[in-house]
Amino acid sequence: MENQDFKISIKTIWVLVIGNGLLIFVALFTKLMHWELSQVLLIAGLMLFLLTWVIIFTDMLKHNIYNKSFWVTSMFCVPYFSSILYLVQRNKLIGK
């Protein structure tokens, strides 16, 4: 992926998206096991998720993408899955 429109590289955004998903999954597992560390992991995962959500959402608003209203609405309805799908389809949506 050669686009450098993000302030940080697209590979870093992929690491953030996958990392926050794994962190939240581990936090939910530790919450089920009633470990003390679960609250810290959950807060860290949600903060990382919010950071990646803001980065992807601003990229959506900044570019003239195909069907922008659908993508913006999906970011509010199913944010984790729509951010992954947006990153996969980003080059097609922008028209590069």
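Numbering of residues begins at 1 and proceeds along the displayed sequence.
Within the 4.5 Å cutoff, the side chain of Val40 has heavy atoms near those of the Leu37 side chain. Here the side chains of Leu22 and Ile18 are in contact, with some heavy-atom distance below 4.5 Å. The shortest distance between side-chain heavy atoms of Val88 and Trp14 falls below 4.5 Å. Residues Leu23 and Phe49 fail the side-chain proximity criterion, which asks for heavy atoms closer than 4.5 Å. In this structure, Tyr86 and Ile65 have side chains that are in contact, with non-hydrogen atoms separated by less than 4.5 Å.
In this structure a side-chain-to-backbone donor-acceptor pair under 3.5 Å is present from Trp53 to Met75. Side-chain atoms of Lys68 come within 3.5 Å of backbone N or O of His63 as a donor-acceptor pair. Panel note: side chain Ser82, backbone Ser74; a donor-acceptor pair is recorded below 3.5 Å.
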Could you please spell out the steps behind the side chain to side chain contact (heavy atoms under 4.5 Å, CB included) verdict for Thr73 and Cys77?
CA-CA 6 Å; Thr73 305; Cys77 296; 4.1 Å; yes
Pair Leu85, Trp71 - check side chain to side chain contact (heavy atoms under 4.5 Å, CB included), show working.
CA-CA 10 Å; Leu85 287 175; Trp71 287 103; 4.0 Å; yes
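One distance of note links CG of Asn67 with CG of Leu93; it measures 8.5 Å at 0.5 Å rounding. For the atom pair Ile94 CD1 and Lys62 NZ, the distance stands at 8.5 Å (nearest 0.5 Å). Between atom OG1 of residue Thr30 and atom CD of residue Glu36 there is a gap of 11.5 Å, rounded to the nearest 0.5 Å.
Taken together through direct or relayed side-chain contacts under 4.5 Å among Ile, Leu, Val, Met, Phe, Trp and Tyr, Leu42 and Val26 form parts of separate hydrophobic clusters. Linking Ile, Leu, Val, Met, Phe, Trp and Tyr whenever their side-chain heavy atoms come within less than 4.5 Å leaves Met33 and Ile24 in two separate clusters. Hydrophobic clustering keeps Leu32 apart from Ile43 (ILVMFWY residues linked when any side-chain heavy atoms are closer than 4.5 Å, directly or through intermediates). No path of Ile, Leu, Val, Met, Phe, Trp and Tyr side chains, each step under 4.5 Å between heavy atoms, connects Val78 with Leu48, placing them in separate hydrophobic clusters. Following chains of ILVMFWY side-chain contacts shorter than 4.5 Å, one can reach Phe76 starting from Ile55, so the two form part of one hydrophobic cluster.
Side-chain N/O atoms of Asn20 and Tyr80 include no donor and acceptor closer than 3.5 Å.
A side chain to side chain contact (heavy atoms under 4.5 Å, CB included) with Ile56 holds for exactly one of Leu61, Leu87, Leu51, Ile84; it is Leu87.
What you find for Val72 and Met60 is that their closest heavy atoms are N-SD, 4.3 Å.
The local environment of CG in Asn64 is sparse, with at most 12 non-hydrogen atoms from other residues, nucleotides or ligands closer than 6.0 Å.
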